[in-house]
Structures are given as C-alpha cells and as structure tokens.
Protein chains: 2
Amino acid sequence: MKIQHRSLGEEVYRRLLRLILDGKIPVGKWMREEKLCDELGVSRTPLREALIRLVQEGVLEQQPRRGCIVRQLEQDEIKQMMECRRLLECMVLKEWFNGIDREEIKKLDEKLRVAEETGGETLRINVLEADEKLHEIIVSTCDNHFLVEQVRRLQLLCRPYRVLRCAESEDLVAILAERRRIINAILNNSAEDAVAGLSAHFETSRKYYIDENK
Amino acid sequence: MKIQHRSLGEEVYRRLLRLILDGKIPVGKWMREEKLCDELGVSRTPLREALIRLVQEGVLEQQPRRGCIVRQLEQDEIKQMMECRRLLECMVLKEWFNGIDREEIKKLDEKLRVAEETGGETLRINVLEADEKLHEIIVSTCDNHFLVEQVRRLQLLCRPYRVLRCAESEDLVAILAERRRIINAILNNSAEDAVAGLSAHFETSRKYYIDENK
DNA sequence: TTATTGTATATTGTATACAATATTTCATAA
DNA sequence: TTATGAAATATTGTATACAATATACAATAA
C-alpha cells in the first residue's frame, strides 16, 4: 500500500463526504464497513477513521454496535437548521456589509439576466447555481474564521436535502425576483433591505428542502 | 477487556476532553499515543478514535506523521473566537429574550450580592462561576439545537485560555458592575440594554483570555 | 568546533486477527 | 400457519503486528 502525503483516512473522509453531499450515498443508508473497504480499496482502519470524522461532523449518525448511517434529519430538524442558517447568514451580511464584493455580485446579476432571457432548463440550473454563489459570496466576505467555518458546515449539512421542485415557471420567476431584491439592495448599499431580502429568501426557500420520508 | 455500553473510544474521548479543558493536559502538549494508552489502559485503536474526534472538534491539531498536539491558538485566533462568541451570544440573547429564565437570573443576582458582601477569595471564585452561569442561562434559552451546539462548542474551545487575572479588587468591582448591568436589564425587560451590556462584557473580558506564548 | 550524514530509535499510519454483539436462518412446537 | 428459540452468519469494537516516516544520536569531515 503506497503511503501518500495525505493519509488514507483523510482521503477516504473527503471521498465519502463528497459522495454523501452529492446524494450518491443517500440519506438513511447504512455505511457497511467491509463493503466500503472493498469499494475504496482500503482496510477498515482508515475507513473507520473517516466514519468517525463524519460522525463528529454530524453527517453520519452512529448507533452502538450497529454501525453508521447517513444522518436522516427530521422535518423539524431541517427547519431548525435553515433557521440557524438564516440567523447566521443574515448576521454576516449585516456585520460585513461594507466588505462584500460588489464586482462578484454584478457578475452574478449579469449571469442571471442572461439566463432569464434564455429560459427553460438552463434557467433552472442557473437559478440553482446562482443561489449557491450568492450564499458563497456572502459568507466569504466574513473574515472571522470561526464564524465562516460554522456557516459553511451548516451549508454542507443542508445539501443532501436540497431539491429545487419548481416545475412551474411562476416559481422560478418568484425566486428570481427574490434574488434580484437582494442583489439590488447590495448594489444600492442598502444593508437593511439586503438583510430583509435574505431573510425572506430563507423563509420561502424552506419548501425546497424536503424530508425524504414524506 | 470488558465491553461497556459506551465504547472505549467514546469514553477516552470524554476523558481526554475533560483533561484538556481543565488544563490538566496543557495547551501545546504532544499527545503521545503509547504513553496515553498506558495511562488510560486502552490500546491504540480506541485512543486514536478519541484523538480523531478531538481533531475534528478543533481541540487538537494534527500534524501528519508527527502526531497530535493540544491546539495552541494564536492571540489573533483567540480574539476572533471571542468576537464570534460575542456575535452569537448577543444574537441568542436578542432573539430569545422573552424566553429567558428570570428565576435563574434572580438566583444569580442574589448569589452575587452575597458574595459581594463576603469579599476576598470567595468573591473572586463566585465571579468566575457567575460568569459561566450567566452564559449558560443565556444559551440554554435558545431552542435551536444547531445554534446551541455551535455556541457551546466555542465556549469549550475558549476554556483552556481563560484566566481571571484580577489581582486588584477594582477589577472585580468593575466586572461585578458589568454583570449587574446585564442582570438588571434582563429583569427590567430591556432587551436592547441587556444585549449592549453583554456585548460590552465581551469587549472587556478579552483581556482575561491570554496567550500562553506571551 | 561545527556541519553533515548514516544508523538506531521512536512514533505514527495501516492491515489484520480476534472478541463481542447484532441479525438472520431455520428447525421445531403450538 | 405462525411463533419461538437456538445455531449460524454478519458486523462492529478492540488489540496487535507490521510498514512508513520522523527524530535523535553518533561518527566523520571541513
């Protein structure tokens, strides 16, 4: 077994995290050690190291003597998680409002404008991407390492539950309007309006986070 | 080796965490695996499980092929951590202000009053305890699991750096006045003043968190 | 002396064997 | 048929052996 600069445990941790966040390993699935060892080509020691890390992150849930499963958040927990994100991200936006990268916001604005004209499936994909991008711009403004880490961690934990179910184009239009409100408020240097917009965005985006059980 | 309900790994994790938070294992110390195994009477596997958990928590720092050391935060990092706590705890106090347990606050107030009359070393100890208690009352008001978890985690990370260096009694008097401002504001239902008081408290308490290197 | 390099030792990283427990299977009885 | 329970199997938890690397130390040369 070749030894690398990054340990196998770390490597496996990253790979498993990616697989879970992308939904390749679905929520509620048992993480059978031997099976994963075969698939990843490592022994149980580094695999278990990765599992422990993921448990500590809150991505997996450990049941004594039964193993780890991909954490299945209850509807109520998802709600709390989104509420926590709303509070934290709004706070970041408010406190670091002056430092926000206006150029990036302008780029995002332009991209959305183009997507809007194109419409169709492209639009839907762009709306999803723009959403991630907007949250990323906001959090990256914050220079407090600890706060950034906490916000990012919550963003990760949300990922497996995120589904954009806007079959109707009215939804897309409404979502776009919401984004534009935030973007415009930022470009107009209106912190209060931007925060209010972001807060409202979290309120409405709740319905796009579903419980797999339902 | 007797098997318990809680796994050895978990048990070792808790014991090490306690030792570190209480300063029994000082900041900057190398966590030599074999030595710790001997002291705790376990093999390397559960010990390493505990170390990995502590690394993921940010309590330890891992250096590839060299092992884990108790994380030694820079002065700047401590500052950031305290700033993060200030933002989060002030937010909690503001958002959950109505839910705060006034009875507990009154008890705390009474205890401080008694300690103040006693003075001396008792006073110093009580001031320290009261500080912990106040922060605990505030965070326990919050019913958002994720937010509580994050605030508590930061409080833990702070612990090893906390030193109350008030040789002069004027310091104690000033600190007491600060506490009383918060307590009174809460009892008078003045959210704004309570938040302002808590914020100020974080500002002044900065100097009681020292960098071991200095 | 001081710097450098090779060797011995210490220490972490990984694989594997064994122990303890959970789950499944299947035979038997009501 | 269905329920029960014991044996077989699967799976996690722990200990240990070995591999890979880092550190310490001694020998040698400048």
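As the structure is a computational prediction, the values presented were derived from the model and not from experiment. Just so it is clear: chains get the letters A, B, ... in the order the sequence lines come, proteins before strands, and each one is counted from 1. We use all heavy atoms of the structure for the numbers below, so side chains are in, but hydrogens, waters and symmetry mates are not.
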Requested in this report: Report the C-alpha separation of H145(A) and Q80(B) in whole Å, then their side-chain angles, then the decisive distance to 0.1 Å, and conclude whether the side-chain hydrogen bond (donor to acceptor under 3.5 Å, both in side chains) test is met.
Outcome: CA-CA 7 Å; H145(A) 170 71; Q80(B) 281 200 25; 5.8 Å; no
Query raised in the report: Taking it one step at a time, do K107(A) and E104(A) satisfy salt bridge (Lys or Arg N to Asp or Glu O under 4.0 Å)?
Result: CA-CA 5 Å; K107(A) 276 191 219 162; E104(A) 284 294 314; 3.1 Å; yes
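Out of dT16(C), dG13(D), dA15(D), the shortest distance to the side chain of S7(B) is found at dG13(D). Candidate nucleotides dT14(D), dA15(C), dG13(C) were compared by shortest atom distance to the side chain of S43(B), and dT14(D) ranks first. The side chain of R44(B) lies closest to dT12(C), out of dA15(C), dA17(C), dT12(C). Between dT14(C), dT12(D), dA15(C), one nucleotide has an atom nearer to the side chain of V42(A) than all others, and that is dA15(C).
Using a 4.0 Å heavy-atom criterion, one finds that R32(A) contacts the sugar-phosphate atoms exclusively.
Remark: the R66(B) side chain and the dG13(C) base include no donor-acceptor N/O pair separated by less than 3.5 Å. Scanning atom types as modelled, one donor and one acceptor separated by under 3.5 angstrom connect the side chain of R65(B) and the base of dT12(C).
A side-chain donor from one of Q155(A) and E89(A) sits under 3.5 Å from a side-chain acceptor of the other.
Checking P46(A) against G67(B), the closest nucleotide of DNA chain C that is more toward the 5' end is the one next to G67(B).
Because its NZ or CZ atom is both nearer than 6.0 Å to the ring centre of F97(A) and within 45° of the ring axis, R102(A) counts as a cation-pi partner of that residue.
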